[in-house]
Amino acid sequence: MPSRLLVLVAVVFLAIAPGSGEAKAAPAAAATAVITQMQDAVGAATPSGTTEIASQRLVRLANLLLARSPMTLTTDIDQLVAPSGGSAGVTLVELAGATPLVWSLNGGQVFTAASTYKLAALMLEAQRIAAGTADSNGLVCYEDSDYEDGWFSDYTDGACYTRLELAQRAGLKSDNTAGHMLVRDVGGADVLNAWAASAGATSSVFFTNNTTTSNDLAALWSAEAQGKLGGATAQAWLYPLLEGTATEAGIPAGVASRSTVVHKTGAIDLFEDDAALVVKGPNGAYVLTVMTDNVGGDAGWQLIASISSTVWNFEAARGAG
């Protein structure tokens, strides 16, 4: 029995040690939970039990610990990205559970933000509306400099739209002109970027250079979900704009209708991005953000969906037992 215990200790060390993918956990709390389970398993080998039963329990526990390990998640996602020929930045932030995990793979790598800049603009607009400094039904009028080809073609000089209407266009359809109008409405790119940095997106230059990281987008979603960007009032305005969007082939496809997913995608050239809040995961709510480069098109969305499915399974393992 002592030899089996030594094997389990080695497995536990691997399971709770931070991985090379910038994984961060709460090792002390995790170790306490693991030790408790070890004691329960070892107890099965007392005279009231049998060595065989204890061994089976130890094997099950070891398998469960490996499935919960951030190192396993890093390996699994690396194996998805490598054959794609591209690169990816992935960040996971658990918002619930006994030992919430923050994990990333290339989370600080800078990617083209594409339309994910609209997520920041929508969050800032939602905060303004929640604070009463902007009216959801207030009008924003079109200017020629706002135009970029997109979903809608009804923009003409002097045409005005409510903030809610523009937000629906930018969120649900990712319309480019609506996105430009929202950025102008919140005060322009400099104001947007200063606000985003204050909310945790410190490596991003939205809208102008239009670059960001998976860590930054995860920081914005985490702040939003935790009520730091206008609370429940902002969430009630924002979330319906980002659910059931025109592009559901990424993170929502990997979740496969098992939870509501509120998210914002971005796509341009060979970049596909998705930044999501999974409202009810197996281990509670979590944020998942994925940036990709040099994959593109359907292959890019399939990669994001596969990463999303892998994270869901990881969360299911962490929620087990």
**From S222 atom OG to L217 atom CG, the distance as rounded to the nearest 0.5 Å** = 10.5 Å
**Item:** Atom pair CG/CG of L122 and L166 - distance to nearest 0.5 Å
**Value:** 10.0 Å
**Request:** Report yes or no: does D175 contribute a side-chain atom to a donor-acceptor pair with the main-chain N or O of A178 at less than 3.5 Å?
**Result:** yes
**Closest contact, heavy atoms only, D216 versus T212** = CB-OG1, 3.6 Å
**Request:** Please report the C-alpha distance between D76 and T310 in whole Å, then the side-chain angles of each, then the deciding distance to 0.1 Å, and finally whether the side chain to side chain donor-acceptor pair (under 3.5 Å) criterion is met.
**Result:** CA-CA 7 Å; D76 289 347; T310 298; over 6 Å; no
**Message:** If I compare all heavy atoms of T91 with all of A218, which pair ends up nearest, and what's the gap?
**Reply:** CG2-CB, 3.6 Å
**Message:** When you measure from the side chain of T289 to the backbone of A275, do you find a donor-acceptor pair of N or O atoms at a distance under 3.5 Å?
**Reply:** no
**Request:** May I ask you to check whether E125 and W237 show a side-chain donor-acceptor distance below 3.5 Å?
**Result:** no
**Asked** Does the distance from a Lys or Arg side-chain N to an Asp or Glu carboxylate O, for R163 and D135, drop under 4.0 Å?
**Response** no
**Request:** Could you tell me whether the side chains of T116 and D273 share a donor-acceptor contact shorter than 3.5 Å?
**Result:** no
**Linked, directly or transitively: L139 and L241 (ILVMFWY side chains, under 4.5 Å)** = no
**Message:** Let me check something: do V205 and V183 share a hydrophobic cluster, defined by ILVMFWY side-chain heavy atoms less than 4.5 Å apart, either directly or through other members?
**Reply:** no
**Where A276 and V261 come nearest, the two heavy atoms and their spacing** = CB-CG1, 3.8 Å
**Prompt:** Is the backbone N or O of I251 less than 3.5 Å from a side-chain atom of D274, with the two atoms forming a donor-acceptor pair by type?
**Reply:** yes
**Message:** For V255, run the side-chain contact (heavy atoms from CB on, under 4.5 Å) check against V278, V279, T260 and tell me which one passes.
**Reply:** V278
**Request:** Apply side chain to side chain contact (heavy atoms under 4.5 Å, CB included) to the pair M291 and F271, showing each step before the final yes or no.
**Result:** CA-CA 8 Å; M291 315 291 291; F271 295 91; over 6 Å; no
**Request:** Check the pair K264, S174 against side chain to side chain contact (heavy atoms under 4.5 Å, CB included), reporting the backbone distance first and the verdict last.
**Result:** CA-CA 8 Å; K264 184 70 197 76; S174 201; 2.8 Å; yes
**Asked** Under 4.5 Å between any side-chain heavy atoms of E143 and R184, yes or no?
**Response** yes
**Request:** Using atom types as modelled and distance alone, determine if a side-chain donor or acceptor of H180 lies under 3.5 Å from a backbone N or O of D146.
**Result:** yes
**Item:** Distance (rounded to the nearest 0.5 Å) between S115 OG and N210 CG
**Value:** 8.0 Å
**Euclidean distance, L288 CG relative to L277 CG, rounded to 0.5 Å** = 10.5 Å
**Asked** Closest heavy-atom contact between N294 and G85?
**Response** ND2-O, 3.5 Å
**Min side-chain heavy-atom separation N283-F314 under 4.5 Å** = no
**Message:** Could you see if I307 belongs to whatever hydrophobic cluster contains L270? Use Ile, Leu, Val, Met, Phe, Trp, Tyr and a side-chain cutoff under 4.5 Å.
**Reply:** no
**Asked** Is there a donor-acceptor pair under 3.5 Å between the side chain of T133 and the backbone N or O of R128?
**Response** yes
**Message:** Less than 6.0 angstrom separating the ring centers of Y142 and Y147, yes or no?
**Reply:** no
**Prompt:** Stepwise, does the side chain to side chain contact (heavy atoms under 4.5 Å, CB included) test hold for L92 with L73?
**Reply:** CA-CA 10 Å; L92 167 66; L73 183 60; 4.0 Å; yes
**Prompt:** Using a distance-only test with no angle check, is there a side-chain donor-acceptor pair under 3.5 angstrom linking D144 and Y155?
**Reply:** no
**Request:** Compare all side-chain heavy atoms of L101 with those of P70 and state whether any distance is below 4.5 angstrom.
**Result:** yes
**Complete:** Nearest heavy-atom approach of T245 to E248 is OG1-OE2, 2.8 Å
**Message:** Testing the basics here: between T112 and I268, what is the closest heavy-atom pair and its distance to 0.1 Å?
**Reply:** CG2-CG2, 3.8 Å
**Prompt:** Are W103 and L80 connected in a single hydrophobic cluster, I mean Ile/Leu/Val/Met/Phe/Trp/Tyr linked by side-chain heavy atoms less than 4.5 Å apart?
**Reply:** yes
**Request:** Measure the spacing between CZ of F111 and OG of S214 and express it to the nearest 0.5 Å.
**Result:** 7.0 Å
**Request:** Please tell me if the side chains of R318 and T99 come closer than 4.5 Å, counting only heavy atoms from C-beta onward.
**Result:** yes
**Request:** Determine whether Y286 and V311 make a side-chain contact, defined as any pair of heavy atoms from C-beta on separated by less than 4.5 Å.
**Result:** yes
**Asked** Quick one: does Q235's side chain have a donor or acceptor within less than 3.5 Å of a partner on E224's backbone?
**Response** yes
**Asked** For G107, does its backbone N or O pair with a side-chain atom of N215 as donor and acceptor, under 3.5 Å?
**Response** yes
**Fill in**
One should read off an interatomic distance between L164 CG and I129 CD1, to the nearest 0.5 angstrom, of 7.5 Å
**Request:** May I ask you to decide if G171's main-chain N or O and K118's side chain share a donor-acceptor pair within less than 3.5 Å?
**Result:** no
**Message:** One pair to check against side chain to side chain contact (heavy atoms under 4.5 Å, CB included): V140 and Y161. What are the steps and the verdict?
**Reply:** CA-CA 5 Å; V140 181; Y161 307 83; 5.8 Å; no
**Item:** Any donor-acceptor pair under 3.5 Å from N176 side chain to D149 backbone
**Value:** yes
**Prompt:** When clusters are formed by joining ILVMFWY residues with side-chain heavy atoms under 4.5 Å apart, either directly or through shared neighbours, do Y239 and L95 land in the same one?
**Reply:** yes
**Message:** Using a 3.5 Å distance criterion without hydrogens, assess whether the side chain of S198 forms a donor-acceptor pair with backbone atoms of W195.
**Reply:** yes
**Message:** Salt bridge or not between R169 and D154? Use side-chain N to carboxylate O under 4.0 Å.
**Reply:** yes
